[in-house]
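Report on the following structure.
All values below were derived from every heavy atom in this structure, side-chain atoms included, with hydrogens, water molecules and symmetry-related copies excluded.
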Amino acid sequence: MSQTTPQHLARLNEAQRQAVTTLSGPLLILAGAGTGKTRVITQRTAELIRHRTSPDNILCVTFTNKAAREMQQRTSAILGKRLEKKPWISTFHALCMNILRADIKLLGYPTSFSIADRGDQESIARDVLREIKIDQASFKPGDLVNQISKWKTAGFTADRAGETAASDHEYLAALAYKKYLKRFRAAALIDFDDLLLFTGQLFRDSEEILKKHQDRFTHIQVDEYQDTNNLQFHVISSLAKPHQNLCVVGDDDQSIYAWRGADIKHILSFQKHYPNATVIRLEDNYRCTSPILEAANKLVKNNRHRHPKTLRANKESSLPVRILDLDDEVAESERVVMEITFLIKQKGLQPGDIAILFRTNEQPRLFEAELRRKEIPYDIIGSQSFYEHREIKDLLAYLKAILSPKDDRALLRIINTPARGIGETTLEKIMEHAVKKDVSFWEAYQDPAIKNQLPEKTRGPIDQFKDFLDQSRYGLKKDPSSCANFVTNLVDHIGYRPFIEKQFKTPEQIQSRQNIVDTFIESIREYQARPEKPTLRNLVDELSLSGDQFSSKDEEHQDNTKVKLMTFHSAKGLEFPYVYMVGMEEGLLPHKRSVEATDEDIAEERRLCYVGITRAQEQLTLTFAKSRKKWGKPRKSVPSRFLYEIRDK
């Protein structure tokens, strides 16, 4: 290291320093697993500010709220001072939400639009399929939502989807797509794909809006660039076009999300899009021992389409990578849990230092049973999010219905929660009229053709509920910042706690559900304490973008009192001293769908295996069963091809 290296850069290795101090022009940072990419991004952000780039001209984009918060905290810690202006550090979806809240009216949407969650999407898809008389046994609502997402990610309009339909099934899906979009627009709803799609549309339709944001963000950094889909790629490319001060950080060897639209070509072809790009490889790994990295390097070199790189270990170990062949899945679970029991009870390891990784959600059952038998505490990561609880969904629906009068999905969820004596037949009649006239529920209800047909005893509860929502909306306008008090009063006014008491029988169940409500309100109180004093609209936006924003999911990962069970996909971004990769067999990893598909599908499974290997810090164990039951009968298993590649035989 040169004697002239500034102190704040002295702890970086040579490649990291080069990345941090390359401050202009297109920059591709190939950051292998465990090579300190978050440190590089945050140090580079601080370096831009030190070199007199205004913080509010810096945009850092990532994929999760957790990563965004970590970047914000680290950047502030590095600079060691309170900035009057701050870099914009957020997820892709939060960035687009911010842009659309200001200008979506140019696309014919109200600025009070709501974000549809997966449940809303499938509910609308179910209604649409019913309307066009498609049997849901042959076309599930979830399948339609997935197909529409693929079309949107590819930039296909409903008309284009119909023109390119290659089968009757696709043609019907395209027809449903049109009606799906119509329902969304009538309810002032948009989904996660729309956030990106509409932002791109705004940029194409309005040079003024695009230039406003290009001038706003003169330096752009994108984390996990290998995970970008086509919509994200075009939004970022549009913003970076005039100045080309675009720094992307990622690892093509960890691209494992093609199934949700990520396109590895974006990182592989970065130099094609930016011929004058600087390319820096981070290859010094600070997480894994040399035997683990040797296995990872041997494995991933078998993928043909990748940026060449070789990870180097910064810590040595005599512990080899182990491969265990066991008779069947029962023997596999017993052996793994026996070893874990020994590590915890004899070696003194914390349970949270150990993870069991598997490819499919069916695999952990036997491991769970064996861990319970041995009285070893465990968590399955990726189970129900805090914000998936009914109580939270109910209260969020109330907030959405108050903030967005056209959000019929939210309204229908809570119009009888708690019960108000409004019959299903009445609601169906109003909604049928709303769909026919392409208007919202409340607009349909006010139509004399509907309202005058309803008896007074039916109109009364509906009118009272509408008055309550209107009064709540008015009160919120007078004081938009009192989030926690507003929700507390809402819970009391609608009688939600007595409603919970009627739903559950035991005191333990009731208390558990009341605690969920209390935790929600306390989370809002913490949210409200932020320096920027966010409003209830900001709160609902954030929760819509990330259902587990305040959940304990991050804490579950850090909880050292429980062994972690999770899929390879869930493990990305995490690390554990001891890792067991189980079910290393053809048909599991690589998954049978990939075995029967293309070379690129196998390549992604190989990258998934690589991600699993590089989660291990000290000891890695891979297991396979010689036979595994299917439909109740033992069937011979074939060891995964990846085991042979790791052995280099």
Side-chain angles (χ1 to χ4, degrees), residues 63 92-93 95-97 99-100 103-104 106-109 113 115-118 120-129 131-132 134 136 138-206 209-210 226-239 241 255 257-269 273 438 597-598 600-601 604:
F63 281 83
F92 274 100
H93 291 103
L95 168 67
C96 293
M97 174 78 86
I99 292 169
L100 292 176
D103 293 309
I104 197 173
L106 296 178
L107 301 179
Y109 266 78
F113 65 84
I115 303 295
D117 63 18
R118 181 72 183 196
D120 296 327
Q121 291 175 282
E122 292 195 7
S123 179
I124 290 174
R126 188 175 294 108
D127 291 344
V128 166
L129 291 170
E131 183 182 345
I132 60 179
I134 295 179
Q136 292 185 31
S138 61
F139 205 146
K140 295 182 174 60
D143 293 337
L144 177 59
V145 171
N146 291 339
Q147 180 59 62
I148 291 172
S149 179
K150 288 178 183 177
W151 277 328
K152 287 183 177 182
T153 301
F156 278 30
T157 63
D159 287 337
R160 189 177 175 195
E163 291 167 3
T164 59
S167 64
D168 290 344
H169 194 268
E170 285 188 10
Y171 179 79
L172 288 172
L175 177 62
Y177 185 11
K178 283 186 180 181
K179 293 184 177 293
Y180 178 90
L181 293 178
K182 192 175 180 181
R183 293 284 186 97
F184 263 68
R185 184 174 284 273
L189 282 175
I190 68 175
D191 61 27
F192 284 86
D193 294 322
D194 291 332
L195 286 169
L196 300 159
L197 190 66
F198 290 174
T199 300
Q201 187 176 337
L202 267 180
F203 287 172
R204 287 191 302 274
D205 293 351
S206 172
I209 290 174
L210 175 57
Q226 77 280 350
D227 293 336
T228 52
N229 64 28
N230 290 331
L231 296 176
Q232 292 159 339
F233 171 79
H234 287 298
V235 167
I236 290 299
S237 299
S238 298
L239 288 173
K241 188 174 182 179
S255 179
Y257 295 118
W259 51 276
R260 68 182 190 195
D263 191 341
I264 194 173
K265 291 177 185 155
H266 297 152
I267 194 167
L268 293 178
S269 62
H273 293 289
D438 194 17
T598 65
E600 182 47 43
D601 291 315
E604 176 143 340

Does some side-chain heavy atom of [Y] sit less than 4.5 Å from a side-chain heavy atom of [X]?
| X | Y | value |
| --- | --- | --- |
| Q226 | L268 | no |
| L100 | F113 | yes |
| L196 | N229 | yes |
| L175 | I132 | yes |
| Q121 | I148 | no |

Going through the distances and angles, do L181 and T157 end up as a side chain to side chain contact (heavy atoms under 4.5 Å, CB included)?
-> CA-CA 10 Å; L181 293 178; T157 63; over 6 Å; no
For [X], enumerate each residue passing the ring-ring contact (aromatic ring centres under 6.0 Å, His included) test, keeping only those at least two apart in sequence or located in another chain.
| X | answer |
| --- | --- |
| F233 | H266, H273 |
| H93 | F192 |
| F92 | F63 |

Side chain to side chain contact (heavy atoms under 4.5 Å, CB included) partners of A188, counting only residues at least two apart = P110, K406
Go through the structure and list residues passing side chain to side chain contact (heavy atoms under 4.5 Å, CB included) with A187, not counting sequence neighbours.
->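 With sequence neighbours excluded, A187 shows a side chain to side chain contact (heavy atoms under 4.5 Å, CB included) to L189, given in chain and number order.
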Non-hydrogen atoms of [X] and [Y] that approach each other most closely:
| X | Y | answer |
| --- | --- | --- |
| A125 | L144 | CB-CD2, 3.9 Å |
| Y180 | I124 | CD1-CG2, 3.9 Å |
| G162 | Y171 | O-CD1, 4.4 Å |
| D438 | A186 | OD1-CB, 3.3 Å |
| A161 | A174 | C-CB, 3.8 Å |

How long is the gap from [atom1] on [X] to [atom2] on [Y], to the nearest 0.5 Å?
| X | Y | atom1 | atom2 | answer |
| --- | --- | --- | --- | --- |
| K179 | L129 | NZ | CG | 11.5 Å |
| H234 | L239 | NE2 | CG | 13.0 Å |
| Q232 | T153 | CD | OG1 | 8.5 Å |
| L231 | L195 | CG | CG | 10.5 Å |
| L210 | T199 | CG | OG1 | 11.5 Å |
| N230 | K150 | CG | NZ | 13.5 Å |

Has the side chain of [X] got a donor or acceptor atom that lies under 3.5 Å from a matching backbone atom of [Y]?
| X | Y | answer |
| --- | --- | --- |
| R118 | G142 | yes |
| Q201 | L107 | no |
| E604 | D601 | no |
| S149 | V145 | no |

Decide ring pair (Phe, Tyr, Trp, His ring centres under 6.0 Å) for F156 and Y177; before the verdict, give the C-alpha distance in whole Å, the side-chain angles of both, and the deciding distance to 0.1 Å.
-> CA-CA 11 Å; F156 278 30; Y177 185 11; 9.2 Å; no
Please collect all salt bridge (Lys or Arg N to Asp or Glu O under 4.0 Å) contacts where either partner lies in residues 186-206, sequence neighbours excluded, each pair once.
->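 Salt bridge (Lys or Arg N to Asp or Glu O under 4.0 Å) check on residues 186-206 returns K152-D191, K152-D194.
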Determine, stepwise, if the pair I209 / L106 fulfils side chain to side chain contact (heavy atoms under 4.5 Å, CB included).
-> CA-CA 10 Å; I209 290 174; L106 296 178; 3.1 Å; yes
Could you tell me whether E131 and K182 have a side-chain N and a carboxylate O separated by less than 4.0 Å?
->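 No salt bridge links E131 with K182.
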